Amino acid sequence: MPALVVVGAQWGDEGKGKIVHFLGEGADWVVRYQGGDNAGHTVVFDGQKYALHLIPSGILQPGVKNVIGDGVVVNPRAFVEEIKMLEGRGIKVKGRLFLSLAAHVILPYHVYLDTLREEGGRGIGTTKKGIGPCYEDKVARIGVRVADYLDAEAFRKLVRRNLKVRAAELAKVKPLKAIEEEVFDGYEARRKFLASFAADTGLLLDAARRKGAKMLLESAQGSMLDLDHGTYPFVTSSNPIAGGACVGAGIGPTAITAVNGVTKAYTTRVGLGPFPTELDGHIAHYIREVGKEYGTTTGRPRRIGWLDVPQLRAAIRMNGLTSLTMTKLDTLSGVHPIKVCVGYKLGGKKVSEFPVSRRAQLEVEPVYESYPGFSGDLSGARKFSDLPRGAREYVLAVEARLGVPILIVSVGQSREQTIVRDAAGLWMRQDPRS
Ligand code: GDP
Ligand code: IMO
Ligand code: MG
């Protein structure tokens with residue numbers, strides 16, 4: 001019973017959606033385990049492009065069943081809208097999507113609080129989707145779960161109580177009564193809609209596992225945005241790392257058979273916070289335009305930098321990565337030379353690991369190694385040997401530095417623009433460091 005976790009190895013937007021959809025063809029279930037509609041996962045196939053925020057990328061693979069797990073935060077309005085969008089494009093969703101009764105619900109006041117903080121000078125560059133405030137309520141044990149949302153009487157009581165708890169902050173937005181009305185505007189229709197997808201997903205996944213189902217666990221965000229292990233406080237409010245898959249899907253760690261980390265051939269970050277290899281000037285501009293580096297959810301331009309080996313080694317460690325996927329190799333075509341950060345300097349001293357302290361994360365200076373780069377159009381390559389020599393050398397050099405096999409190389413947005421170097425190795429537990 002293989003269960004493969006696919007995580008972002010950087011600061012998000014690594015191409016997880018593309019890879020989960022690609023691997024989803026061989027899977028029975030795809031499970032989203034954390035985050036919410038702050039995610040934007042792009043999937044391109046048969047000339048069609050989909051931007052998914054909340055629904056697992058497996059929904060675009062006809063034979064696959066999908067779960068929004070316990071650890072996800074769900075905005076009911078976004079949930080309805082995304083399903084309508086999919087159905088409008090001919091994708092069958094009913095009977096193939098299950099929403100955990102234990103997932104927490106994002107309500108309009110969470111979005112107001114997120115926006116208020118972002119615009120009130122205390123911002124970290126969030127997506128303003130209410131993610132942080134919703135997880136705050138969860139941890140404070142006052143949150144509203146899907147099961148509560150479906151119980152009209154319990155829901156009304158919880159909302160009234162929570163609006164009182166948040167009254168001082170919310171008063172800056174609009175009268176509490178108006179916010180309460182907004183929460184309940186159209187509620188009955190949404191409640192019925194959500195009810196038709198709600199399930200005890202822990203039980204469903206356990207039954208599937210017993211039958212030998214093949215499972216993909218789809219992370220949102222990235223390792224460096226992890227609440228515990230990322231560049232705190234410039235992080236999201238959940239645990240995107242592989243450990244989060246057990247918590248957020250409700251399955252034990254012994255069920256996980258392998259973990260694939262998705263990294264771009266360079267690095268991007270959207271939102272504020274440390275980014276040691278960040279570039280400005282013409283190379284950043286070139287990569288941003290060629291790689292279309294604008295946020296899928298917010299449209300914000302992504303910050304661009306070189307690949308960062310200590311950062312990726314941290315991701316390998318915290319996720320127990322058994323393999324890597326490298327995306328967007330095609331975007332680096334024509335960039336000469338390509339640089340890779342292989343360590344840092346801080347106060348004249350050598351630093352070989354990604355630092356924990358905020359100050360050190362901001363102050364480290366990258367030490368680079370240069371590669372000559374490559375030219376030409378990579379997007380037609382289907383085998384590793386189809387790639388220009390400079391591109392192969394770049395992948396192999398990074399692989400050697402990281403000590404984890406790069407089993408998939410992606411050379412374009414579309415599904416077929418994917419090179420698999422070893423399919424069998426992907427789903428098996430094989431800790432390359434042990
Ligand atoms: P996710 O959040 O990790 O799913 O990534 P996003 O969808 O937010 O951002 C990745 C972007 O890169 C999307 O527009 C993808 O279609 C695109 N993409 C993924 N892989 C490749 C690739 O190998 N080459 C190119 N040029 N684009 C890619
Ligand atoms: P996918 O799944 C990139 C960033 C935000 C901000 C921080 C906190 O598409 O990779 P939040 O709204 O979560 O409270 O914002 O996290 N962020 C992402 N960056 N990709 C994402 O998702 C992101 N989701 C959140 O920009 O810096
Ligand atoms: Mg994204």
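Nothing fancy with the numbering, it's 1 onward along the sequence. A quick note: this is a predicted structure, and the numbers were derived from the prediction, not measured. Order of appearance sets the numbers: ligands from 1, and atoms from 1 within every ligand.
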Novice: Thinking salt bridges, do E293 and R302 make one under a 4.0 Å N-O criterion?
Specialist: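 A salt bridge links E293 with R302.
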
Novice: Check the orientation of W29 and F98. Use parallel for under 30°, tilted for 30 to 60°, and perpendicular for over 60°.
Specialist: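 Tilted, since the angle between the ring planes falls between 30° and 60°.
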
Novice: Compile the protein residues with any heavy atom at a distance under 4.0 Å from an atom of ligand 2; present them by chain, then by number.
Specialist: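 For ligand 2, the contacting residues are W11, G12, D13, K16, N38, A39, G40, H41, I124, G125, T126, T127, A220, Q221, L225, V235, T236, V270, G271, R300.
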
Novice: Identify, for atom 26 (N) of ligand 1, the protein heavy atom at the shortest distance, and state residue, atom and that distance.
Specialist: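 Residue, atom and distance for the closest contact: D330 OD2, 2.8 Å.
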
Novice: When only distance counts, is V44 in polar contact with ligand 1, meaning an N/O pair under 3.5 Å?
Specialist: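 No, no N or O pair falls under 3.5 Å.
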
Novice: Compare H53, H41, Q413 and give the one whose heavy atom is closest to atom 16 (O) of ligand 1.
Specialist: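 Ranked by closest heavy atom to atom 16 (O) of ligand 1, first place is Q413.
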
Novice: Decide, yes or no, whether a salt bridge links E218 with K16 under the criterion of side-chain N to carboxylate O below 4.0 Å.
Specialist: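 Looking at E218 and K16, the cut-off is not met.
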
Novice: Of the listed options (M326, E218, K328), which comes nearest to atom 28 (C) of ligand 1 when hydrogens are ignored and any heavy atom counts?
Specialist: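 That would be K328.
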
Novice: Can you find a non-hydrogen atom of K292 under 4.0 Å from ligand 1?
Specialist: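 Distance cut 4.0 Å: K292 fails for ligand 1.
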
Novice: Is T42 touching ligand 1 with its side chain, its backbone, both, or neither, if touching means heavy atoms under 4.0 Å apart?
Specialist: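 Within the 4.0 Å criterion, T42 contacts ligand 1 through backbone and side-chain atoms alike.
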
Novice: Does even one non-hydrogen atom of R302 get within less than 4.0 Å of ligand 1?
Specialist: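 Under 4.0 Å: yes for R302.
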
Novice: Output yes when the distance from some N or O of ligand 1 to some N or O of K264 is under 3.5 Å, and no in every other case.
Specialist: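 By distance alone, the answer is no.
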
Novice: Pick out which of T327, T42, T418, T325 makes a side-chain hydrogen bond (donor to acceptor under 3.5 Å, both in side chains) with K18.
Specialist: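 Single side-chain hydrogen bond (donor to acceptor under 3.5 Å, both in side chains) partner of K18 among T327, T42, T418, T325: T418.
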
Novice: For K328 and E14, what are the C-alpha separation, side-chain angles and deciding distance, and is it a salt bridge (Lys or Arg N to Asp or Glu O under 4.0 Å)?
Specialist: CA-CA 9 Å; K328 303 199 102 160; E14 298 91 346; over 6 Å; no

Novice: Fit a plane to each ring of F193 and F79, take the angle between them on a 0 to 90° scale, and name the class: parallel (under 30°), tilted (30 to 60°) or perpendicular (over 60°).
Specialist: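 Ring orientation of F193 relative to F79: perpendicular.
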
Novice: Is the count of non-hydrogen atoms from other residues, nucleotides or ligands lying under 6.0 Å from K65 atom NZ greater than 12?
Specialist: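 No.
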
Novice: Looking at ligand 1, does any of its N/O atoms fall within less than 3.5 Å of an N/O of L329?
Specialist: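 No, no N or O pair falls under 3.5 Å.
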
Novice: Please confirm whether G40 approaches ligand 1 to less than 4.0 Å, judged on its heavy atoms.
Specialist: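 Under 4.0 Å: yes for G40.
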
Novice: Between E393 and R389, is there a side-chain N and carboxylate O pair less than 4.0 Å apart?
Specialist: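 Judged by the 4.0 Å cut-off on N to carboxylate O distance, E393 and R389 do form a salt bridge.
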
Novice: What protein N/O/S atoms are found closer than 2.8 Å to the Mg ion (ligand 3)?
Specialist: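 Protein N/O/S atoms under 2.8 Å of the Mg ion (ligand 3): D13 OD1, G40 O.
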
Novice: With atoms numbered from 1 as shown, which atoms in ligand 1 lie under 4.0 angstrom from a non-hydrogen atom of V411?
Specialist: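 Listed by number with element, the hits are 23 (O), 24 (N).
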
Novice: Below 4.0 angstrom from a heavy atom of T331, which ligand 1 atoms are there? Numbered from 1 as shown, please.
Specialist: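 In order of numbering, the contacting atoms are 26 (N).
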
Novice: Should the pair R269 and F275 be classed as cation-pi, given the thresholds of under 6.0 Å to the six-membered ring centre and 45° from the axis?
Specialist: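 No, R269 does not lie over the aromatic ring of F275.
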
Novice: Going by the order shown, which atoms of ligand 1 are within less than 4.0 Å of some heavy atom of E14?
Specialist: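 Selected atoms, number and element: 3 (O), 5 (O).
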
Novice: Can you tell whether the side chains of K94 and E87 come within less than 4.0 Å, N to carboxylate O?
Specialist: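 Looking at E87 together with K94, the answer is no, because their closest N to O distance does not fall below 4.0 Å.
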
Novice: Any chance the side chains of S375 and H336 put a donor and an acceptor closer than 3.5 Å?
Specialist: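 A donor-acceptor contact under 3.5 Å links the two side chains.
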
Novice: Is R89 atom CZ crowded by more than 12 heavy atoms from other residues, nucleotides or ligands, each under 6.0 Å away?
Specialist: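 More than 12 within 6.0 Å, yes.
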
Novice: One thing to verify: whether D137 and R166 come together as a salt bridge, which I'm taking to mean a side-chain N less than 4.0 angstrom from a carboxylate O.
Specialist: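 Answer for the salt bridge query: yes.
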
Novice: Which residue owns the protein heavy atom closest to atom 23 (O) of ligand 1, what's the atom, and how far is it?
Specialist: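 Sorting protein heavy atoms by distance from atom 23 (O) of ligand 1 puts S410 OG, 2.5 Å first.
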
Novice: Below 4.0 angstrom, N of the basic side chain to O of the carboxylate: do E169 and R117 qualify?
Specialist: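 Yes, charged N to carboxylate O under 4.0 Å.
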
Novice: Are side-chain N/O atoms of N239 and D226 paired as donor and acceptor at under 3.5 Å?
Specialist: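 Short answer, yes.
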
Novice: Counting from 1, what ligand 1 atoms have a heavy atom of G17 closer than 4.0 Å?
Specialist: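 Heavy-atom distances to G17 below 4.0 Å select 4 (O).
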
Novice: Nearest to atom 10 (C) of ligand 1, what protein heavy atom do you find, and at what distance?
Specialist: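 It is D13 O, 3.6 Å.
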
Novice: Students should be able to answer this: which protein heavy-atom is nearest to atom 21 (C) of ligand 1, and at what distance?
Specialist: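 Scanning the protein heavy atoms, the shortest distance from atom 21 (C) of ligand 1 goes to G412 O, 3.4 Å.
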
Novice: Any side-chain donor-acceptor pair under 3.5 Å between T126 and D114?
Specialist: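 Result is yes, a qualifying pair exists.
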
Novice: Within a reach of under 6.0 Å around NZ of K164, are more than 12 heavy atoms found that belong to other residues, nucleotides or ligands?
Specialist: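 Open: at most 12 neighbouring heavy atoms sit under 6.0 Å from NZ of K164.
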
Novice: Identify, by atom number and element, the atoms of ligand 1 in contact range of K18, meaning under 4.0 Å from any of its heavy atoms.
Specialist: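 Result: 20 (N).
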
Novice: Ignoring angles and geometry beyond distance, decide whether T327 reaches within less than 3.5 Å of ligand 1 through its nitrogen or oxygen atoms.
Specialist: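 Between T327 and ligand 1, no N or O pair is found under 3.5 Å apart.
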
Novice: Closest approach of R190 and V80, non-hydrogen atoms and distance?
Specialist: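 For R190 versus V80, the nearest heavy atoms are CG-CG2, 4.0 Å.
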
Novice: Heavy atom of G8 under 4.0 Å from ligand 1?
Specialist: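 Contact check G8 vs ligand 1: negative.
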
Novice: Taking it one step at a time, do Y187 and Y149 satisfy ring-ring contact (aromatic ring centres under 6.0 Å, His included)?
Specialist: CA-CA 9 Å; Y187 162 65; Y149 189 83; 5.1 Å; yes

